[in-house]
Colleague: 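Before I ask anything, let me first share the structure, which is written out below as structure tokens.
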Amino acid sequence: MRHDPITTEVVRHALETIAEEMGSAIRRTAVSVVIRDLRDYSCAVFDRDGQLLACALDVPGLMAAMAPALQATLEKWGDDVSQGDIFITNHPYMGCAHTSDINIFVPIFGDDGGLVGFTGVIAHHADWGGRVAGTAAYDSQSLFQEGVVIPGLKLYEAGKPNTAIYDIIGENVRHPSQNLGDLRAQLAAARLGSERFEALTTTYGAEGLRTILSGLISFTEAHVRKALSDLPDGTWTAQGAIDDNGITPGARVRYVVDVTISGDTISFDFSRGDKQMPGGMNIPWASLRSAVQYAVTCILPNDIPINEGVMHPIDIIAPVGGAVNPAHPAAVGDRHIACERLSDVLVDAVGQIQPGMASAGWCVGFPVFICESASPKTGDGAVLLGISSGGAGASSRADGASAMDVHLSNCSLIPAESVESNYMLRIDRYELISDSGGAGQFRGGLGLRADYRNVSGGPLAVQTEVEQSAEDSPPWPLAGGAPGTNCSVWMIENGEERALPSKGYFTIPVDGVVSMRGGGGGGFGDPLERAPEHVMADLAAARISARTAREVYGVDPETGVRA
Amino acid sequence: MHLIHEFGPRDTVRAGHSSFIPIRKTIMSNVLGIDIGGTFTDLILRRPEGDVVEKVPSTPSNPAQAIVNGLRVLRDRHGIETSEIDLFCHGSTVATNALLEAKLPRAALVMTEGFRDVLEIGDQMRPHLFDLRVQKAPPIVPRERVFEVRERVDRAGVVETPLDDADVSRLIGELKAANVEAVAVCLLFSFHNDEHERALARAIEDAMPGVPVTVSSDVAPQINEYPRASTTAVSAALAPLVANYINEMGTGIEAEGLCAPVYVMQSSGGVMTAEETARNAHRMVLSGPAAGVLAAQRLAEQSPYRNIITFDMGGTSTDICLIDAAKADLERETTFEGRPLLVPQFAIHTIGAGGGSLARVDAAGMLRVGPESSGAMPGPACYGRGGTKPTVTDAHAVLGRIDPDNFLGGDMALDVAAARRAIETEIAGPLGLSIEEAAQGVLDIADATMARGVRVVSVNKGHDPRNFNLVPFGGAGAMHALTVSALVDIGRVVVPQRPGIFSAVGLASSDMKYDVIRMIEKPFDTFDVDGLAAAIAPLDADVIDRLKDKLPAGADMELKRSAQMRYLRQDTKVEVPFPDGEVTSDLMSRLLSDFHEAHMFQFSHNDPEGRVELVSIAIEGFGRMAEPFAAAEEVELASSPANPLGTRQVYFKETGWSEIPVFARASLAPGMSFAGPAIVEEREATIVVTPDVNAHIDTAGNLILDRSTPEEAE
């Protein structure tokens with residue numbers, strides 16, 4: 001069937017506007033810092049089968065995470081979906097990502113009384129109960145330690161709230177007023193979107209709108225198939241591992257992907273990777289799907305409207321029980337840490353298919369510093385979630401960017417003055433690490449060093465979560481470049497530095513410093529091909545040392561001449 | 001909200017008791033506004049005996065030359081001597097273009113030890129999410145010209161590590177060796193204690209005479225080192241360039257005999273003196289678009305249309321801004337080309353759709369419009385400069401919306417055949433549509449994109465667009481205003497006088513303006529009446545002193561105070577206008593309740609029991625200089641309807657091709673009315689009146705377009 005190329009585009013703008021309005025509504029009305037400032041939420045509209053039509057997001061990790069949650073919920077309820085129902089779900093083994101990500105869905109009905117679609121809002125709740133404050137932990141060993149699991153329930157039934165669900169949540173989380181405030185914001189945003197969606201059914205008629213919506217997905221699917229058929233057929237492989245399984249130091253967990261393009265389809269086969277791990281970094285289906293969609297989007301033309309049509313030509317093969325697509329009740333709370341490494345493996349593979357859009361490996365260590373201190377303003381306890389970054393990989397046309405948050409995340413660095421005003425900490429430095437970028441004709445981006453000094457007057461308990469510290473898996477180079485550096489964590493006490501394990505719980509002594517160091521990106525091309533003037537510019541800006549100029553790039557730091 | 005000071009011949013200030021605005025005195029009768037755009041420089045002289053309007057080509061290599069040329073045209077064509085001009089306000093893109101083209105003087109940045117990379121690290125976020133080769137905007141000052149100094153001031157403003165003479169000498173040696181033309185200094189927590197920044201600035205100025213030094217506690221005394229350093233670096237890097245521009249212009253206009261004071265528009269919609277511009281170059285980055293919004297705010301002040309959404313559509317983009325109760329939305333933390341700027345600025349939302357936006361059929365066979373643009377060269381196909389790709393303007397040409405023989409007053413002939421060819425080849429043919437259906441499709445999609453922008457400035461900030469009037473200006477605004485307003489349920493479009501040169505109109509109606517802000521960051525309940533009054537008094541005095549020096553005797557002044565507040569645990573601030581009058585305990589409790597209320601409006605929840613933090617206090621000081629607009633009032637509709645110039649074949653979705661009346665804007669007098677469909681033409685703009693609309697002219701000459709049945713729109 002032929003779809004109207006004009007009305008479809010007009011409706012696409014209308015749907016994306018709805019998603020954006022929902023996004024701004026939740027940002028404006030949420031209570032917690034995670035949603036409002038770290039923007040860990042996504043808003044979307046779906047068709048009646050739960051297929052994504054349009055979404056507004058700041059965090060790519062949530063892009064493809066909602067549709068499976070809605071589809072699993074619809075499978076459970078069948079035809080039992082009525083006006084006034086609102087669904088809530090967070091079950092990692094029913095299409096959700098991890099228990100802290102709460103999905104809300106509102107159905108939309110047309111003038112013919114039939115279902116037309118849904119609006120949905122997913123948001124990360126800072127704490128959702130469970131074994132540890134903050135719910136997610138790399139060393140959790142089963143889903144039962146990860147807070148309240150909600151298996152696709154009706155939070156509202158025919159317009160009436162199901163107060164039992166609220167009561168259960170309220171008794172099982174650490175700061176219920178925050179959760180209830182954020183839930184209220186999610187409901188308000190989803191309802192606002194549903195009103196606007198309903199207005200569209202009035203404009204185009206329910207049946208007319210259903211046709212347009214299926215056209216929208218078809219256009220994107222056709223666009224993606226066209227782009228895929230322009231790529232060569234074949235199979236490409238990549239692999240990589242995280243540092244440990246969350247329980248046993250040094251017990252690596254490996255991801256392997258075989259990507260096959262055949263005509264206008266692409267498949268991602270994870271069968272050869274490791275089995276699920278005992279710790280909390282298993283990657284559930286919804287997160288796997290987001291990582292795959294992210295990687296594919298990185299090599300597609302940038303003018304393709306994002307909706308379920310992107311996923312139609314993609315086949316994901318991941319046997320149940322793996323480190324991706326684990327079996328119930330494996331713990332998944334800290335899946336976001338492992339997801340960055342999985343994305344690294346995926347962009348490695350798809351980059352081989354489309355080298356013109358590829359980069360060398362990025363720092364995927366995702367350094368996180370967590371600390372609870374008294375607030376200098378209120379005297380009460382306040383938790384800092386400090387996320388720093390590493391360097392981006394170089395490409396065939398440019399050096400990698402320095403200090404850039406990676407793949408599925410997009411979190412901002414909290415300014416030093418803000419940290420110092422709100423916590424008993426002093427930021428000694430936020431600076432780029434010289435010589436951390438992988439050498440090459442184009443150099444990898446530099447990693448970021450963030451030094452947190454304890455100025456509380458007493459010992460301070462902190463937690464660090466850092467990946468990519470194992471020696472054999474630094475950010476990888478391309479085309480003869482050198483790898484970037486690893487991530488690391490250091491304690492500085494009385495002027496002496498000592499290395500800390502990258503994941504762990506520590507105490508900073510009075511006036512001690514924890515130094516979080518992000519890795520540098522991989523280099524592209526032979527360092528001896530790097531233009532000497534670029535080597536000298538790097539030297540003048542102290543991005544590299546004189547020794548690196550001489551020994552790695554072969555350029556005399558005094559004369560600027562290559563020997 | 002208003003605190004009026006009226007200056008007598010001596011500088012006695014009557015402070016803080018009045019809540020009404022006295023009718024402004026006619027301070028300056030002949031006010032010249034000049035807006036320097038990319039292609040044309042627009043002039044308007046407002047004077048009691050009637051306005052004079054002119055347009056001269058811009059001179060990008062030496063922008064000041066266009067001003068001189070404009071003054072000569074005023075003399076030669078209108079017999080206006082430069083000595084008759086009382087006041088001259090202009091908007092310039094010198095700073096904007098320098099930033100866009102990255103052609104900047106060699107500036108250095110001095111930071112607290114440990115923060116050399118503040119500009120390059122930025123907020124560490126990716127500007128594009130799905131690009132493995134993504135780059136950041138290059139820092140204004142590159143790493144090799146950022147220098148560190150050993151010092152520390154803590155969160156309370158207490159010196160932790162004092163400046164050290166030897167270290168300062170080392171720094172100055174490095175600055176000298178770097179051969180820089182300007183220096184920015186940004187030290188941690190200088191907004192609480194500026195002692196170190198001042199001492200360093202003095203030392204650098206002494207050692208390097210002639211090199212301007214900009215300190216962060218002057219240009220942006222606000223928390224968070226990245227946006228503050230970025231603002232300071234932008235200001236410092238622009239300073240030599242802007243100083244040079246001001247000098248050249250001064251020499252040029254002096255030679256023409258213009259001795260009126262010269263003012264430059266700021267992004268916040270007020271002007272500053274030319275001398276101050278060089279020290280505040282970061283304040284003029286968005287001066288062009290701000291002037292248009294100011295003109296719309298003037299319209300709102302003097303009319304029943306108090307709530308306005310501006311719609312300024314140009315060739316490559318459309319600027320949209322919300323004016324609530326005759327006050328344009330102001331934001332204090334903005335970005336320009338990926339770089340933060342802590343500068344008060346009209347909250348203008350820009351979308352990448354304009355008359356030059358390209359239409360194309362994508363790989364999947366869907367019709368798309370923008371964001372790519374045909375640019376100035378070759379421009380739309382109908383411009384006849386060799387363009388073959390269809391644009392939004394071509395769609396209008398094909399549908400008969402633009403008079404091909406009278407475009408820009410006949411200065412440019414439109415090649416409608418070329419527009420038809422472009423639409424046919426690129427769109428109608430591939431999609432199997434008629435040329436008209438294809439052209440109408442291009443306009444529908446452009447409208448959908450722009451409607452999205454209107455919703456961003458309104459709905460996303462808690463406003464209902466149905467309570468607003470859409471005010472279009474710019475070359476193409478009035479061609480889309482009605483269809484866009486229908487998509488967002490706005491019932492009324494108000495087309496102002498001279499929509500094609502609206503920025504110049506705004507410039508000729510400017511106030512002088514100073515903005516100051518002071519970080520407080522203390523719980524509100526730690527202040528008593530005297531404490532709060534003592535915090536405000538020096539700010540008031542600062543603004544009054546600075547205005548007083550530069551304002552003509554007898555000019556009215558107005559101070560608008562606001563407080564930035566939040567709950568103690570929050571990061572996000574809410575801006576609350578200060579109630580009128582002196583600080584009393586009543587005022588303080590009103591401020592607190594206003595905060596809770598504003599929090600509820602913006603965020604849909606509040607906590608009346610929660611402890612509140614006073615984050616900062618800001619003062620906007622206005623010096624009234626120009627005459628207000630003529631008041632616009634609703635009129636009795638005249639018995640005689642408007643007389644069209646003639647008729648023309650125009651295509652509308654609802655009616656297909658039909659013969660419709662064409663009016664000359666100049667012939668439309670207050671009280672006249674007509675019904676759509678119709679076209680209204682003026683030299684710089686075409687107004688498309690759709691079939692569902694009734695039109696009339698109000699007392700001030702605004703063209704009022706009312707949709708007869710807003711519910712049925714679309």
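Lettering of chains follows the sequences in order, A, B, ..., and the numbering in each one begins at 1.
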Colleague: Within a 6.0 Å radius of atom NZ on A/Lys377, are there more than 12 heavy atoms belonging to other residues, nucleotides or ligands?
Modeller: yes
Colleague: Check whether any side-chain heavy atom of A/Met404 sits under 4.5 Å from a side-chain heavy atom of B/Pro127, and report yes or no.
Modeller: yes
Colleague: Are B/Asp117 and A/Arg449 within salt-bridge range, i.e. N to O under 4.0 Å?
Modeller: no
Colleague: Answer with side chain, backbone, both or neither: which region of B/Gln440 has an atom nearer than 4.5 Å to a non-hydrogen atom of chain A?
Modeller: neither
Colleague: Salt-bridge test for B/Arg155 and A/Glu417: reply yes if a basic N is under 4.0 Å from a carboxylate O, no otherwise.
Modeller: no
Colleague: Can you tell me which portion of A/Ala394 sits under 4.5 Å from chain B's heavy atoms? Options are side chain, backbone, both or neither.
Modeller: neither
Colleague: For the side-chain contact (heavy atoms from CB on, under 4.5 Å) test, which of B/Ile223, B/Val118, B/Asn224 pairs with A/Pro415?
Modeller: B/Asn224
Colleague: Any carboxylate oxygen within less than 4.0 angstrom of a Lys/Arg side-chain nitrogen, looking at B/Arg152 and A/Glu420?
Modeller: yes
Colleague: Do the charged groups of A/Arg543 and B/Glu120 touch, with an N to O distance under 4.0 Å?
Modeller: yes
Colleague: Could you please state which residues from residues 446-454 of chain B sit under 4.5 angstrom from chain A, measuring non-hydrogen atom to non-hydrogen atom, sorted by number, or 'none'?
Modeller: B/Ala448, B/Thr449, B/Arg452
Colleague: Is there any side-chain hydrogen bond (donor to acceptor under 3.5 Å, both in side chains) pair reaching into residues 121-130 of chain B, and which pairs are they, with sequence neighbours excluded?
Modeller: A/Ser389-B/Gln124
Colleague: Any carboxylate oxygen within less than 4.0 angstrom of a Lys/Arg side-chain nitrogen, looking at A/Glu20 and B/Arg455?
Modeller: no
Colleague: Under a 4.5 Å heavy-atom cutoff, which of B/Arg368, B/Glu144, B/Arg116, B/Gln135 has the most pairs with chain A?
Modeller: B/Arg368
Colleague: Is it the side chain or the backbone of B/Glu372 that comes within 4.5 Å of chain A heavy atoms, both, or neither?
Modeller: neither
Colleague: When heavy-atom pairs shorter than 4.5 Å are enumerated against chain B, which of A/Ser395, A/Pro301, A/Ala401 gives the highest number?
Modeller: A/Ser395
